[in-house]
Amino acid sequence: MVGKTSVEIPDNHPLNNIEDVEEFYDAINRRHLTQAISKDRPYTYWTIELYDKKNGIRGGGGLGVLAADTRRVAEQSNVPFVLLTPFYPSEQHQHYIKEGDNFRNYTTHEQVDYVQYGYNFVDTVIIKGNGQIISLDVIEKNLGSTKIVCITEPGFGELYSGESGGDHRLFQEVALGFGGYQALKLAGLRPSIIQLNEVATFFAALARLDELASNGMDFYESVVYTRKHTLYTNHTLVQAAEAEFSYDQFERFVFPNLKSPAVKKWLSDKFEDGRIRLSTVTIEIAELRSGVSKLHARVANYHDLAGNKVKFKAITNGIDIPTWTSAGIVNYLSQKGIIDKFYLPAEGYKEKIEEITADDIRQLKARGRDELNAVLGHRPDQYGNYLKIPENAILFQFKRRFVDYKRPWLPFSRPETLRDILEKHNAYYILCGRVHEGDLEMSKKLEKVLKIVDSDPVLRERVHYLPDYDEELGRALSIGANVSINNPIVGLEACGTSWMKDIANLGLLVSTHDGGVADCPPDSYLNIAGENEEAELDSLYARMEEAASAWENDFDLEFLVKKELKNYLPVISGTRMLKDYLDYLF
Ligand SMILES: *Cc1c(COP(=O)(O)O)cnc(C)c1O
């Protein structure tokens with residue numbers, strides 16, 4: 001059985017001693033922001049998913065981790081920032097048991113109480129839905145210059161529960177938008193910007209438009225004003241893949257919440273054959289639009305109602321470096337003058353990176369291995385065993401959601417090759433990732449991998465699957481492993497941030513050229529390339545072999561780690577991401 005997991009992400013901001021926001025604005029040459037953003041007119045960030053278990057909310061993947069990191073970076077930089085999201089009263093946990101020859105994947109549901117996580121009840125707000133008046137609780141938690149504001153009620157359900165075009169999802173989205181907007185007003189806050197982290201948060205911008213238009217502003221002026229102050233951040237590639245809602249659903253859940261007849265008319269006109277995609281209206285209501293990596297912003301295929309292709313500004317995701325990096329490495333990078341106190345690349349960082357030695361890397365990683373082993377002490381593998389990875393062994397890791405395009409099964413396509421690499425280099429392989437509840441196809445693919453491992457004594461000793469992937473495992477694996485594998489089908493990863501955590505922790509990255517990885521040239525890391533899957537497999541195993549050999553050779557290790565860091569440090573810095581948003585928005 002899986003033990004109760006305590007998410008132990010330490011508060012680890014060893015450099016942070018920033019006095020006030022002016023200091024940060026000066027550092028990024030944006031003094032004028034003191035006028036644009038203030039405590040009463042904060043930057044507002046809307047997200048249906050937040051992955052921040054320390055603050056009580058478990059997400060599903062990268063979208064939520066990004067939201068949590070964006071808020072953390074704002075807090076460290078002292079930027080006035082309010083994150084609005086639902087508080088889900090229930091969350092899922094994944095378990096694995098072996099029954100005979102079969103591995104059974106099942107999910108349990110756990111109640112979550114916001115009081116335990118330090119939220120205060122503020123008030124209730126009311127929305128309408130399906131002919132009923134629904135009262136929502138507004139709760140909040142202050143964190144430095146930032147605040148998390150949540151709306152919740154006992155029947156709110158879980159993240160992504162129900163079908164994606166279903167009534168319950170629409171209810172959740174409407175509740176966040178209209179309820180959250182009222183919550184801001186209750187607190188006396190007017191957003192300086194509304195950032196919509198994907199289209200599920202469209203209703204926040206709609207609530208603002210409705211407020212302006214029903215309070216005497218001319219309708220077209222209201223549209224112009226709302227458009228100018230709304231940023232739509234897109235994480236998806238294909239518009240057609242998005243779920244649709246029907247006019248009937250809007251009549252039941254959306255229109256009753258609108259006060260302005262003009263807004264209702266405007267929204268009604270956006271339906272085609274009685275159906276609507278939220279991206280269509282989000283594009284209409286947000287003049288500012290961003291994609292999450294250079295490649296993604298270029299290839300995201302979206303059109304507005306007039307049929308024009310939508311342009312997205314590329315703002316590559318970053319990570320909050322101190323959250324995801326071992327304290328030892330953060331201190332090391334700062335002492336070497338590689339990062340500054342804002343966790344931005346320091347001036348002359350490329351020359352400073354040259355000073356890193358293989359000895360330093362090995363020592364820092366040995367401490368990271370201890371941290372990982374401490375976590376593995378309470379996170380069992382697929383057999384219910386607790387691992388300890390030996391200090392002198394090389395560790396490969398793959399940790400990401402189990403979705404098909406990420407191809408978690410790829411390295412198991414030729415079990416004998418994998419076995420040879422692991423044996424030859426005294427290496428281990430940890431595989432980690434949750435299967436979405438109800439995804440039978442991926443569940444079967446995972447089971448197949450586990451059976452391959454089970455049937456080979458070498459693989460059984462050296463390959464371990466850890467269920468219920470979460471922040472704790474994500475962080476520990478980045479810190480304690482030597483090599484990470486990232487092999488999405490090229491063209492399908494919007495950005496990905498898991499690989500950034502691996503680079504920040506001085507690991508070697510073996511990856512296809514996709515998402516944010518493709519922000520830098522393919523020779524910046526150990527690149528998997530091939531015309532087809534067979535050729536990619538040849539390349540994958542060759543790169544794994546190269547990575548393991550590099551860890552046995554000081555010269556190669558130093559060379560590869562330095563190259564990665566020089567190329568990607570500016571990309572992975574979450575503070576760089578916040579700076580890019582501020583540059584674009586103000
Ligand atoms: C970092 C992280 C992610 C992000 O994963 P990508 O696949 O790289 O987008 C998802 N889940 C958890 C638990 C993480 O820590």
Side-chain angles (χ1 to χ4, degrees), residues 5-10 12 47 49-55 57-73 91-94 159-160 197-198 233-237 291-293 295-296 316-326 372 375 379 397-408 410 430-436 442 466-481 484-490 492-505 507 509-519 525 568 571-572 574 577:
T5 58
S6 54
V7 175
E8 303 237 356
I9 296 197
N12 168 27
T47 184
E49 175 183 340
L50 175 68
Y51 209 139
D52 186 357
K53 195 54 205 172
K54 219 174 113 208
N55 291 311
I57 304 179
R58 181 173 204 190
L63 188 84
V65 171
L66 175 72
D69 275 0
T70 307
R71 190 206 58 77
R72 290 182 188 118
V73 171
E91 69 181 27
Q92 297 187 359
H93 288 275
Q94 181 206 11
L159 172 66
Y160 305 139
N197 192 31
E198 263 302 344
T233 299
N234 171 285
H235 295 253
T236 319
L237 289 141
V292 291
S293 71
L295 178 64
H296 167 245
T316 303
N317 291 341
I319 53 167
D320 179 42
I321 289 177
T323 292
W324 298 107
T325 313
S326 76
L372 169 63
V375 169
R379 303 294 300 254
Q397 52 100 346
F398 178 106
K399 50 160 176 25
R400 28 193 62 76
R401 272 183 310 127
F402 264 60
V403 284
D404 212 35
Y405 81 85
K406 290 181 188 271
R407 298 189 291 186
L410 193 64
I430 290 183
L431 179 64
C432 188
R434 276 199 284 164
V435 179
H436 188 68
M442 278 315 279
L466 301 175
D468 210 32
Y469 175 42
D470 61 4
E471 294 155 283
E472 181 188 47
L473 282 173
R475 181 177 188 275
L477 285 168
S478 289
I479 289 176
S484 65
I485 312 284
N486 178 48
N487 51 218
I489 296 172
V490 174
L492 296 185
E493 187 70 86
C495 180
T497 53
S498 176
W499 60 271
M500 297 183 182
K501 302 166 191 170
D502 307 324
I503 290 181
N505 285 292
L509 174 67
V510 171
S511 177
T512 48
H513 203 56
D514 200 19
V517 173
D519 265 32
Y525 61 96
Y568 287 107
V571 179
I572 67 187
M577 168 180 68

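Order of appearance sets the numbers: ligands from 1, and atoms from 1 within every ligand.
Put simply, the side chain of R407 gets close to the backbone of N487: a donor and an acceptor are under 3.5 Å apart. In terms of modelled atom types and a separation under 3.5 Å, the side chain of T47 and the main chain of L50 share no donor-acceptor contact.
Taking the six-membered ring wherever Trp is involved, the centroid distance between the rings of Y525 and W499 does not fall below 6.0 Å.
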Intermediate values then yes/no, salt bridge (Lys or Arg N to Asp or Glu O under 4.0 Å), D320 and K501: CA-CA 9 Å; D320 179 42; K501 302 166 191 170; over 6 Å; no
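For atom 7 (O) of ligand 1, the choice among R58, K406, R400, R401 with the nearest heavy atom turns out to be K406.
Contacts of T497 with ligand 1, taken as heavy-atom pairs under 4.0 Å, involve both backbone and side chain. If you look at W324 next to ligand 1, the close heavy atoms, those under 4.0 Å, all belong to the side chain. Of the heavy atoms in I319, none comes closer than 4.0 Å to ligand 1.
Checked by distance only, ligand 1 and K501 come closer than 3.5 Å through their nitrogen or oxygen atoms.
T236 and E198 share a side-chain donor-acceptor pair at under 3.5 Å.
Note on ligand 1: R475 sits outside its first shell, no heavy atom being nearer than 4.0 Å.
Closest to atom 13 (C) of ligand 1 among all protein heavy atoms lies D470 C, 3.3 Å.
Side-chain contact between W324 and D69 is present, with at least one heavy-atom pair separated by less than 4.5 Å.
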